[in-house]
Amino acid sequence: MESLAPDLSQMQRTPLHEAHVDALRAAGEMVAFEQGSIIAEVGDPMDRFYFVLEGQIDVLDPQTR
């Protein structure tokens with residue numbers, strides 16, 4: 001889990017233990033997205049949790065992108 005800090009530049013990333021990743025796999029489902037896919041729009045309900053195993057997700061502000 002990441003710890004909270006006064007700003008994002010101070011946040012420390014701590015990798016999950018492999019057993020925790022295994023528990024996430026067991027509870028969820030694996031999904032692959034094509035590069036450039038939009039997985040959530042502003043206003044969408046926050047009813048999903050994504051744990052990124054490979055690659056990255058960019059969060060864009062629709063007002064400034």
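All residue numbers in this chain count up from 1 along the given sequence.
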Exercise for the section: Taking the side chain as every heavy atom from C-beta outward, state whether Val42 and Asp61 have any pair of such atoms under 4.5 Å apart. Expected result: no
Practice task
Is it possible for you to say whether Phe49 and Ile39 belong to one hydrophobic cluster, with membership spreading through side-chain heavy-atom contacts below 4.5 Å?
Solution key: no
Practice task
State plainly whether one hydrophobic cluster holds both Ile57 and Phe51, where clusters connect Ile, Leu, Val, Met, Phe, Trp and Tyr through side-chain heavy atoms under 4.5 angstrom apart.
Solution key: no
Handout entry: Distance, nearest 0.5 Å, that separates CZ of Arg25 from NE2 of His20
Key = 13.5 Å
Fill in the blank from the handout: Distance col, row Ile38:CD1 vs Asp58:CG, nearest 0.5 angstrom, shows 11.5 Å
Exercise for the section: Report whether Met30 and Leu24 are members of the same hydrophobic cluster (ILVMFWY, side-chain heavy atoms less than 4.5 Å apart, transitive linking). Expected result: yes
